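Since we're looking at a predicted model, the values are computed, not measured. Below, read A as the first sequence line, B as the second, and so on, with proteins coming before strands; counting in each chain starts at 1.
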Protein chains: 2
Amino acid sequence: MTRLTRAEAKARTRERLLDAAARVFAQKGLAGASVDEIAEAAGYSIGAVYSNFGSKEQLFVELLKEKANDRVIRAAEIMADAEPDEARRAFSQLVIEVADKDADFAPLQAEFWLYAVRNPELMETYAERMREPRDLLTELVGRSVPDPDRAGELSAIVIALFQGLVRMRRVDPDSVPDELFGRALRWLFTGAEADEEQK
Amino acid sequence: MTRLTRAEAKARTRERLLDAAARVFAQKGLAGASVDEIAEAAGYSIGAVYSNFGSKEQLFVELLKEKANDRVIRAAEIMADAEPDEARRAFSQLVIEVADKDADFAPLQAEFWLYAVRNPELMETYAERMREPRDLLTELVGRSVPDPDRAGELSAIVIALFQGLVRMRRVDPDSVPDELFGRALRWLFTGAEADEEQK
DNA sequence: GTCTATAGAGAGATAGAC
DNA sequence: GTCTATCTCTCTATAGAC
């Protein structure tokens, strides 16, 4: 058991606050969550928040900058190691898991998006964070789709569809059966391939 | 110029409040918007809100119930009169218009969805409202896709993709070129058709 | 670096006038 | 049916103790 330096202790507090903030913001929203709630959820009191972040809004922005694409990036990395066929199944599974198991992910993404839309000065930052997982996906798609423009377009479609289906399943599970995303991907790539040959 | 009855005057006030609420909630969110702001935007004062709606939250719920799918329903109706080929172009155009011109639509949809996720007692109501435009679309898709299950699945995919692309274009326009949605639909339906023949 | 206590502002909701 | 005035509570942010 090693002693923590002052800097390490502060970093640990910071991480705990960010994790707690992610949960509370997901459940109550940026405006609906109180600083007190977040601090308490992290096991600290208000003061800890203000000594680590300037304000509630700055805490939210830090969360957006550091964690907005964590899960998506990690998912993309896992996909990158899978076989093409297997990847489709894995993607379908991902919609189910994210929609059914991770209660906080989609609402938090929605909060981030709303904040970006309402605060133009952060929009580019947000867009950049979202481009990272997309670029990873584009690379993955590029293995079976030679044309780089097509690969980019397809990955944009895949991500938009993923987000849309996750939200839809969250409020109306029956409308998004387990294999729907996988099926959509098969149709999409079959169609795109046919299109390519036709040229 | 005809005189308004008492009931008509009240109905008019109610409508104006709902319209103003749509704008203000879209721009500031449910928690971020104040009742005062909404009343002022409608040209009334706080009292008018409380005499027509029980609370800020009830006003929001009324808005969700009455207006959540207005635009989508109307869009679906327009599509229903178009030729299949023309419909794809019209859909693509719709993404652009909704994302670029109607500043309030997507944020308000996000607010509605977040509210439904956070308030389970309203989730089914919300899901029903969203099923209406989807059913219209299913009928439209049914013209070219005989299997009703397939038609239902395809319309779920189309709507999820539509919402996803609108949000993506809103924060990162370059990633969603004008014709992307139309192209995605062509690939999707081509692929689904090929799938059907294969059986 | 974190906690406790508090100042100060803002906003939801109500009561009574018109 | 709508407006004005107000009551009340909650929450952000800060100051000072430890």
Peer 1: Above 12 or not: heavy atoms from other molecules or residues under 6.0 Å from CD of A/E83?
Peer 2: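 Counting other residues, nucleotides and ligands, CD of A/E83 stays at 12 neighbours or fewer.
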Peer 1: Send over the distance from B/L17 CG to D/dC3 C1', rounded to a whole Å.
Peer 2: 13 Å
Peer 1: Specify the separation, in whole Å, of atom CZ of B/R16 and atom C1' of D/dT2.
Peer 2: 13 Å
Peer 1: Let me know the distance between CD of A/E15 and P of C/dG1, rounded to the nearest Å.
Peer 2: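 Value for this atom pair: 16 Å.
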Peer 1: Does D/dT2 have its OP1 or OP2 closer than 4.0 Å to a side-chain nitrogen or oxygen of B/N52?
Peer 2: yes
Peer 1: Kindly check if the number of other-residue, nucleotide or ligand heavy atoms within 6.0 Å of CD (B/E40) is above 12?
Peer 2: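 No, CD of B/E40 has 12 or fewer neighbouring heavy atoms, counting only those of other groups under 6.0 Å.
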Peer 1: According to a hydrophobic-cluster definition based on side-chain heavy atoms being under 4.5 Å apart (Ile, Leu, Val, Met, Phe, Trp, Tyr only), do A/V166 and B/W113 belong together?
Peer 2: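 Different clusters: A/V166 never reaches B/W113 through Ile, Leu, Val, Met, Phe, Trp or Tyr contacts under 4.5 Å.
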Peer 1: Do A/K67 and A/E15 meet the salt-bridge criterion of a basic N to acidic O distance under 4.0 Å?
Peer 2: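 Salt bridge: yes.
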Peer 1: Does the protein touch nucleotides 12-18 of chain C at the base, only the backbone, or not at all? Give it as B, S and - per nucleotide, heavy atoms under 4.0 Å.
Peer 2: SBB----
Peer 1: For the pair made of CD in A/E8 and P in C/dG1, what is the distance, rounded to whole Å?
Peer 2: 13 Å
Peer 1: Tell me: CD of A/E40 to P of C/dC3, nearest whole Å?
Peer 2: 12 Å
Peer 1: Within a reach of under 6.0 Å around CD of B/E139, are more than 12 heavy atoms found that belong to other residues, nucleotides or ligands?
Peer 2: no
Peer 1: If I take atom CZ in residue B/R6 and atom C1' in nucleotide D/dG1, what distance separates them, rounded to the nearest angstrom?
Peer 2: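 Rounded to whole Å, this separation is 6 Å.
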Peer 1: Among C/dC3, D/dT2, C/dT2, which is the nearest nucleotide to the side chain of A/T13?
Peer 2: C/dT2
Peer 1: Counting only heavy atoms not in B/R118, do more than 12 sit closer than 6.0 Å to its CZ atom?
Peer 2: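 Atom CZ in B/R118 is packed in, count exceeds 12.
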Peer 1: Heavy atoms from C-beta onward define the side chain here; which of C/dT4, D/dG1, D/dT4 lies closest to that of B/S45?
Peer 2: D/dT4
Peer 1: Using whole Å, report how far CD1 of A/I38 lies from P of D/dC11.
Peer 2: 12 Å
Peer 1: If you count every heavy atom of other residues, nucleotides or ligands that lies below 6.0 Å from A/R71 atom CZ, does the total exceed 12?
Peer 2: yes
Peer 1: Write down the distance between CZ (A/F60) and C1' (D/dT12), rounded to a whole number of angstrom.
Peer 2: 17 Å
